[in-house]
Number of protein chains: 2
Amino acid sequence: MSIPRNTKAKQAVLHEISSSDFALSQPEIFERVKGACDRVTVYRILDRLVTENKIHKIVNVDGTINYARCTSCDESHMHAHDHLHFSCIACKKIECLAEQIVHVNLPASYQIKELFLTISGICPSCQAT
Amino acid sequence: MSIPRNTKAKQAVLHEISSSDFALSQPEIFERVKGACDRVTVYRILDRLVTENKIHKIVNVDGTINYARCTSCDESHMHAHDHLHFSCIACKKIECLAEQIVHVNLPASYQIKELFLTISGICPSCQAT
DNA sequence: TTATTTAATGCAACATTGTTGCGTTTTGCA
DNA sequence: TGCAAAACGCAACAATGTTGCATTAAATAA
């Protein structure tokens, strides 16, 4: 296993993801770090950050791939996605509904890898406008 | 609103989706109706079949868009997706876990549009092999 | 500080998936 | 059978993601 390096481009990408309050797509991230590095490099950095467990790869309800720093878990352990997420179709923000735990009771013959529990709709903030 | 027509290409596409026991992507469908029509036509047919409520558009856990005929609901009403789905990463089949109803208790300030409740993993059949 | 190793990058080229415009064909119906 | 428009084919374009390879730069050791 190779030793990861902390490059300027990597820092820039991680900074954009960290400072955004909603999950970003690769094109959005590339736009925000404009000039810092090549388009291809962004893809490779994102892959690395995911394997290093620094960021989460999120599949949105429309199929777009977004990346976010999960605020409710530290980096040392896998995040338990046993709770619901709310994906606002207006502002695109994805919110963790941590208190809404989903209990899954499947036969042992099912080997569970990951849970994708997302509700799409309009969040309170966008509702108001 | 335009009146839909029953073309040969449309029949072919619908037949492939109907006879498959798992959701198919556009490339898979195009491959299976090979020669029946153009690549672009498949896209347009799929869009039409979705608006006509003949098929369902499904976003898989990996972000790919798949199409399927939903067996557990007739065509005249919207399907209630308040139950869990199991998506096998080996055989790609998506199963409805109809008995696993998820009760969502969100504040009224959230306007819910759709639920995406999918578990990814390995299904019993693929487990055995 | 400098040298060394190899992780990371840039660039070009390619692949896949999806969209748009437009002229032509075909379907459903009068 | 004739007609309106739904559907189609084709070409071109657009967005997103991947691969190969020569070059650059980060981390560590000398």
Side-chain angles (χ1 to χ4, degrees), chain A residues 1-18 20 22-68 75 87 89 92 94, chain B residues 1-17 20 22-68 87 89 92 94:
Chain A
M1 191 176 166
S2 61
I3 297 125
R5 290 178 188 178
N6 197 19
T7 66
K8 268 190 284 184
K10 191 175 170 182
Q11 285 167 31
V13 168
L14 192 53
H15 176 260
E16 290 307 328
I17 294 173
S18 301
S20 171
F22 61 101
L24 299 173
S25 62
Q26 185 278 341
E28 287 170 333
I29 294 165
F30 177 59
E31 174 66 27
R32 288 170 189 228
V33 299
K34 205 81 177 183
C37 66
D38 191 72
R39 197 174 63 91
V40 177
T41 303
V42 173
Y43 280 107
R44 297 200 260 230
I45 288 172
L46 290 173
D47 284 346
R48 260 177 279 142
L49 287 174
V50 168
T51 57
E52 290 171 21
N53 255 303
K54 295 263 176 59
I55 60 174
H56 289 286
K57 188 175 186 171
I58 300 166
V59 177
N60 211 335
V61 292
D62 61 357
T64 57
I65 308 289
N66 286 33
Y67 298 89
E75 295 164 12
S87 171
I89 55 176
K92 309 290 181 193
I94 296 175
Chain B
M1 191 176 167
S2 61
I3 298 124
R5 289 178 186 177
N6 197 19
T7 65
K8 267 190 283 182
K10 191 175 171 182
Q11 286 168 30
V13 168
L14 192 54
H15 176 260
E16 290 307 328
I17 295 173
S20 171
F22 61 100
L24 299 173
S25 63
Q26 185 279 341
E28 287 170 334
I29 294 165
F30 178 58
E31 174 65 27
R32 289 170 188 226
V33 299
K34 205 79 177 185
C37 65
D38 192 71
R39 198 173 64 89
V40 177
T41 302
V42 173
Y43 281 108
R44 298 200 259 229
I45 288 172
L46 290 173
D47 284 346
R48 260 176 280 143
L49 287 174
V50 168
T51 58
E52 289 171 22
N53 255 303
K54 295 263 177 60
I55 60 174
H56 289 287
K57 187 175 186 172
I58 300 166
V59 177
N60 211 336
V61 292
D62 61 359
T64 57
I65 309 287
N66 287 33
Y67 298 89
S87 171
I89 55 177
K92 310 291 182 192
I94 296 174

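Using a 4.0 Å cut-off, some side-chain N or O of A/R48 falls inside it from OP1 or OP2 of C/dA8. Within the 4.0 Å cut-off from OP1 or OP2 of D/dC8, not a single side-chain nitrogen or oxygen of B/T41 is found.
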Less than 3.5 Å apart, which donor and acceptor atoms pair up between the side chains of residues 60-67 of chain A and the rest of the protein, not counting sequence neighbours?
| residue | atom | partner | partner atom | Å |
| --- | --- | --- | --- | --- |
| A/N60 | OD1 | A/S87 | OG | 3.0 |
| A/D62 | OD1 | A/T64 | N | 3.1 |
| A/D62 | OD1 | A/T64 | OG1 | 2.7 |
| A/N66 | ND2 | A/A23 | O | 3.1 |

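Distance A/E28 CD to D/dA15 P: 14 Å, rounded to the nearest Å. Atom pair A/F30:CZ and D/dG17:C1' shows a separation of 13 Å (rounding to whole Å applied). Here the P atom of nucleotide D/dA25 and the CD1 atom of A/I45 are 14 Å apart, to the nearest Å. Rounded to whole angstrom, the span from the CG atom of B/L14 across to the P atom of D/dA7 amounts to 14 Å. Atom-to-atom, CD of B/Q11 to P of C/dT26 comes out at 15 Å; the value is rounded to the nearest Å. Atoms CD (A/E52) and P (C/dA7) sit 12 Å apart, rounded to a whole Å. Spacing between atom CG of A/L24 and atom P of D/dT16 amounts to 13 Å, rounded to whole angstrom units. In this structure, A/N60 atom CG and D/dT16 atom C1' are separated by 16 Å, rounded to whole Å.
Rounded to 10°, the helix from C/dT1-D/dA30 to C/dA30-D/dT1 has 30° between the axis fitted to its first five pairs and the one fitted to its last five.
Residues A/I17 and A/L46 are in side-chain contact: their nearest non-hydrogen atoms beyond the backbone lie under 4.5 Å apart.
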Shorter than 3.5 Å, N or O on both sides, protein versus nucleotides 16-19 of chain C: list them out with atom names.
| residue | atom | partner | partner atom | Å |
| --- | --- | --- | --- | --- |
| C/dG18 | OP2 | B/Y43 | OH | 3.2 |
| C/dG18 | N7 | B/R39 | NH1 | 2.9 |
| C/dG18 | O6 | B/R39 | NH2 | 2.9 |

Polar atoms only, N or O, under 3.5 Å: list the protein pairs with nucleotides 27-30 of chain C and their distances.
| residue | atom | partner | partner atom | Å |
| --- | --- | --- | --- | --- |
| C/dT27 | O2 | B/R5 | NE | 3.4 |
| C/dT27 | O2 | B/R5 | NH1 | 2.6 |
| C/dT27 | O2 | B/R5 | NH2 | 3.1 |
| C/dG28 | OP1 | B/N6 | N | 3.0 |

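Put simply, CD1 on A/I55 and CG on A/N53 are 10.0 Å apart, with the number rounded to the nearest 0.5 Å. Put simply, CD on B/E31 and CZ on B/R39 are 13.5 Å apart, with the number rounded to the nearest 0.5 Å. Rounded to the nearest 0.5 angstrom, B/K57 NZ and B/T51 OG1 are separated by 11.0 Å.
Evaluation of the side-chain hydrogen bond (donor to acceptor under 3.5 Å, both in side chains) rule for A/S25 yields A/E28 as partners, not counting sequence neighbours. Among residues two or more places apart in sequence or in another chain, the side-chain contact (heavy atoms from CB on, under 4.5 Å) test is passed with A/K8 by none. With sequence neighbours left out, the side-chain contact (heavy atoms from CB on, under 4.5 Å) criterion links B/F22 to B/S20, B/L24, B/R32, B/K92, B/K93. Residues passing the side-chain hydrogen bond (donor to acceptor under 3.5 Å, both in side chains) test with A/E16, sequence neighbours excluded: none. Evaluation of the side-chain contact (heavy atoms from CB on, under 4.5 Å) rule for B/R48 yields B/R44, B/I45, B/E52 as partners, not counting sequence neighbours. Under the side-chain contact (heavy atoms from CB on, under 4.5 Å) criterion, B/D47 pairs with no residue, sequence neighbours left out.
In terms of position along DNA chain C, the nucleotide closest to A/K10 lies nearer the 5' end than the nucleotide closest to the other residue of the pair B/R44 and A/K10.
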